[in-house]
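Report on one structure; see the data block that follows.
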Amino acid sequence: MERIFRVILNHRKTVIGIFIALTVLCALQIPLVKVDANMSDYLPTSAKSSQDLDTMKEVYGNDITNARIYVTGISLTDASSFADKLADDSSVVDVQWLGDNNQSIDVKKPLDIQDQGAVADWYDGKGYLFQCVLTSDVDQAKIDQIRSDAQALPGAQTVAIDGSAVSDAANLASINTDMSKIMIIAVIVVFTIVMLNTTSFLHPVVMLLTIGVAIVLNMGTNIFRGSISSITQLVASVLQLAVSMDYSIVLLTNFGRAREKTSDQHEAMIMAMSKSFPVILSSAAVTFFGFLSLAAMQFLIGADMGIALAKGIVCSFICITVLMPCILYNMRNLVEKTSHKPFFKSFNRMARVCTAGAIPALVIALVIAIPALKASNSVSFTYGSGSNVAATSQVKIDEGIINDAFGESQTWAIMVPEGNWAEENALVKELQDLPTTKNVLSYSTIAGSALPTELGDKSQVSQLLNGGYSRIVLTSSIPDESQQVFDLVDQVRSICKDHYGDDYGLVGNAVSYSDIKAVTASDNMTVKIASILAIGIVLLVMFKSVSLPLILISAIEVSIWINEAVPYFQGDTINFVAFLVIDAVQLGAAVDYAIIYTEEYLARRKRMYKGEASFQSIEATAQPIMTSSSILILACMGIYLSVSSPMISQVGLLIARGALISVIEIFFVLPLLFKIMDWVVQRTSYKLDFYQGDAERDRQDDQAPKGIPAEASSSSK
């Protein structure tokens with residue numbers, strides 16, 4: 001590897017030129033990457049709602065209602081004109097309103113002499129409701145245009161628009177704004193923390209430049225994946241930045257130590273590259289497989305995120321081990337001119353505090369571990385796109401206005417084989433009798449099953465009878481996402497199964513959310529097991545030890561349980577994606593810190609007693625670990641406080657809190673575990689060659705006052 005690094009550093013201008021060309025090429029591809037905000041698109045093909053939706057689109061060519069528009073202050077004539085304008089819009093597949101021929105209302109007659117229950121579903125005395133099916137690619141600009149057209153109607157006062165399509169458009173529209181906030185916060189935090197913990201004002205510039213290149217390479221190469229989810233688009237870059245800091249900090253730390261041994265900066269850089277490579281490779285491998293474990297999820301958002309994050313780690317690894325040394329060496333004169341004295345010179349006091357508090361910390365961890373695990377498995381989740389929109393957003397405000405006027409509403413479509421009218425009428429009757437039902441629309445409810453289909457309006461008939469299927473549209477007064485709606489999904493499926501066995505289809509937003517919930521219930525454990533196994537194998541190979549991976553993962557898993565238990569005790573509801581991500585992210589990041597400490601401890605344990613090795617390892621690794629973790633904590637807290645997306649905000653809080661808990665575990669609990677398990681580690685590891693002292697010295701080491709190892713204050717040190 002040293003020979004390879006010499007070639008790289010000797011041809012640094014060529015290396016930098018290649019990276020510049022690749023960065024420009026990838027930067028041009030980023031705007032072309034398609035971003036998908038619809039979580040239902042990531043259901044596995046085995047999910048029934050996914051299969052039913054594909055069948056319905058194939059047969060009927062459209063989806064179900066995904067937008068509601070409410071306009072007050074307009075006349076019936078203007079409402080009709082607006083409905084016609086919507087129907088002519090290429091982004092509107094279908095529109096229904098009070099004057100639609102499918103309704104049992106004749107708008108040519110006075111409304112006050114007609115069925116008031118039917119009228120109230122579409123007109124509340126102040127304004128008219130329009131239910132639309134919008135195309136999957138509708139964006140915020142189109143929503144704004146529809147709003148503008150409605151506001152332009154004579155007498156128009158309030159215009160409110162909600163629905164899953166509107167929420168998805170709002171999510172996509174907020175991505176650029178949120179990403180800008182995220183990156184600005186991350187850059188400020190990284191620059192400040194790195195500047196305080198290194199010896200040159202240019203060090204953070206070099207680090208940010210290098211990782212910025214890695215992020216552009218990762219985002220640009222997403223073009224080969226066709227599309228990525230909006231969640232991946234938002235979190236991938238900041239997680240790549242935060243996690244990759246570890247690698248660059250290791251390189252800078254080793255370069256600084258090498259400079260103390262030689263004045264030749266070229267040789268010092270070669271030494272730093274050679275010493276850093278195995279540590280960075282180990283950390284990157286652990287994080288890579290931790291992120292890739294997300295791909296074990298049935299819910300395909302896991303693969304979407306896992307591949308993007310793992311690819312980002314590869315990009316960061318290559319950039320930091322190859323590009324960063326070239327940039328740093330090329331700028332060596334400027335780095336020297338902008339050097340400053342280190343702000344933090346010693347971590348001896350911190351090592352004393354951690355050693356003294358180790359036993360209480362271990363006792364606390366053991367006491368709360370099982371309750372925390374149980375609590376983490378009892379957290380309530382949200383699944384829909386609507387839950388990822390801020391409460392202060394326009395779509396949420398509009399949703400409240402429409403719900404106040406017409407109540408909460410869900411529209412689902414049921415597909416059954418055509419022709420068995422007795423069975424279909426019985427099904428319709430059972431659906432109508434459900435307490436949550438507002439309306440049931442089918443061929444038999446409009447024309448009557450006795451009317452030959454040839455005599456009906458072709459455009460209407462084709463939307464209800466087509467391809468050998470009969471479609472029934474069920475509208476229910478029920479929240480978009482709640483246990484009540486999930487129970488209703490099960491009930492409607494049971495009713496359909498009683499009449500048609502498995503030969504039916506049920507489609508709707510809440511139906512998809514119900515399947516997402518069912519799929520992700522097992523995904524949580526799958527991700528945990530996959531990430532633990534993957535990281536455990538990497539640690540086993542890295543340390544050639546059976547016990548060390550178990551010790552490291554056990555300590556970190558307890559910190560994850562504690563982190564995940566907090567929402568339960570606070571009574572908070574968490575987006576399921578945020579909760580799934582934290583397993584892989586916190587485990588991956590925390591293992592990086594643990595590896596840095598363990599490598600240092602094992603090196604020192606070969607030449608000194610366990611207590612002294614433990615104490616000095618805390619001193620030696622405090623700066624790189626605290627630098628990296630403080631970047632992750634502060635950057636993610638900034639994200640939590642600033643972004644508009646509730647889900648991304650939750651991810652930020654979970655990662656920040658998880659990193660803090662993990663660092664406490666690593667500095668307080670892990671050193672004590674190494675001391676307690678010292679003899680086990682020796683007997684379950686290959687050629688560790690620990691320093692062997694006499695039994696009396698080990699006893700003194702274990703009983704040192706105030707938790708400080710005997711050697712830390714002895715003259716032999």
Side-chain angles (χ1 to χ4, degrees), residues 64-89 92 94-134 143-167 386 391 393-412 431-432 434-441 445-446 460 473-480 482 484-485 509:
I64 60 173
T65 298
N66 54 15
R68 297 187 297 174
I69 306 170
Y70 174 50
V71 188
T72 67
I74 62 175
S75 66
L76 183 60
T77 301
D78 290 327
S80 177
S81 174
F82 181 58
D84 291 339
K85 187 167 187 175
L86 287 173
D88 292 337
D89 193 314
V92 180
D94 185 45
V95 58
Q96 294 183 9
W97 75 292
L98 182 70
D100 190 88
N101 291 330
N102 289 341
Q103 308 305 324
S104 57
I105 301 168
D106 186 355
V107 294
K108 296 178 181 178
K109 298 178 182 179
L111 296 180
D112 55 5
I113 65 171
Q114 300 191 58
D115 182 354
Q116 293 305 298
V119 171
D121 288 339
W122 303 94
Y123 177 67
D124 68 340
K126 298 178 182 179
Y128 296 90
L129 180 69
F130 305 84
Q131 292 190 349
C132 301
V133 177
L134 304 182
I143 302 298
D144 292 340
Q145 180 189 322
I146 292 174
R147 186 185 302 276
S148 178
D149 291 342
Q151 290 172 336
L153 295 171
Q157 297 173 354
T158 300
V159 176
I161 310 176
D162 77 342
S164 60
V166 187
S167 296
S393 65
Q394 186 63 55
V395 64
K396 280 295 183 182
I397 295 172
D398 288 356
E399 180 183 338
I401 292 172
I402 297 176
N403 287 343
D404 288 342
F406 297 98
E408 295 176 304
S409 180
Q410 282 277 315
T411 301
W412 304 343
L431 296 174
Q432 289 173 331
L434 292 172
T436 54
T437 298
K438 290 178 65 176
N439 182 43
V440 178
L441 180 67
T445 61
I446 295 175
Q460 296 178 40
V473 179
L474 170 65
T475 303
S476 305
S477 300
I478 198 166
D480 181 57
S482 64
Q484 184 185 7
V485 79
N509 290 327

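The figures here come from the full heavy-atom set of this structure, side chains too, leaving out hydrogens, waters and symmetry mates. These figures come from a predicted structure and were not determined experimentally.
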Scanning both residues in full, the closest heavy-atom pair of Cys132 with Val95 reads SG-CG2, 3.8 Å
Would you say Asn66 and Ser164 make side-chain contact, with heavy atoms under 4.5 Å?
yes
Not counting sequence neighbours, which residues clear side-chain contact (heavy atoms from CB on, under 4.5 Å) with Ala150? List them please.
Val71, Phe82, Val159
Across all chains, not counting sequence neighbours, the side-chain hydrogen bond (donor to acceptor under 3.5 Å, both in side chains) partners of Asp144 are Gln140
What are the two closest heavy atoms between Thr475 and Ser409, and how far apart are they?
CG2-OG, 3.4 Å
Sorted by first residue and then second, give each salt bridge (charged side-chain N to carboxylate O under 4.0 Å, His left out) pair with at least one member in residues 70-79; sequence neighbours left out.
none
Do Ile69 and Leu86 have side chains that approach each other closer than 4.5 Å (heavy atoms only, starting at C-beta)?
yes
dist Asp404:CG -> Glu399:CD (nearest 0.5 Å) comes out at 10.5 Å
Ile397 side, atom CD1; Asp162 side, atom CG - distance, nearest 0.5 Å:
12.5 Å
What residues form a side-chain hydrogen bond (donor to acceptor under 3.5 Å, both in side chains) with Asp124, not counting sequence neighbours?
Tyr70
With sequence neighbours left out, what residues match Asp89 under salt bridge (charged side-chain N to carboxylate O under 4.0 Å, His left out)?
Lys142
What's the separation between atom CD in Gln432 and atom CG in Asn439, rounded to the nearest 0.5 Å?
8.5 Å
Not counting sequence neighbours, which residues clear side-chain hydrogen bond (donor to acceptor under 3.5 Å, both in side chains) with Thr77? List them please.
none
Close side-chain approach of Leu134 and Val92, heavy atoms under 4.5 Å
yes
For Asn403, give me all partners under side-chain hydrogen bond (donor to acceptor under 3.5 Å, both in side chains), at least two apart in sequence or on another chain.
Arg68
Once you round to the nearest 0.5 Å, how far does CD1 of Ile401 lie from CZ of Phe406?
12.0 Å
Pairwise side chain to side chain donor-acceptor pair (under 3.5 Å) hits with a residue in residues 146-161, at least two apart
Arg147-Asp398
Between Ile74 and Tyr128 the two heavy atoms that sit nearest each other are O-CE1, 3.5 Å
What residues, two or more places apart in sequence or in another chain, satisfy side-chain contact (heavy atoms from CB on, under 4.5 Å) together with Thr436?
Leu434, Ser476, Ile478, Gln484, Leu488
Assess whether side-chain contact (heavy atoms from CB on, under 4.5 Å) is satisfied between Asp121 and Leu129, documenting all intermediate values.
CA-CA 8 Å; Asp121 288 339; Leu129 180 69; over 6 Å; no
Could you check whether the rings of Phe130 and Trp97 sit parallel, tilted or perpendicular, using 30° and 60° as the cut-offs?
parallel
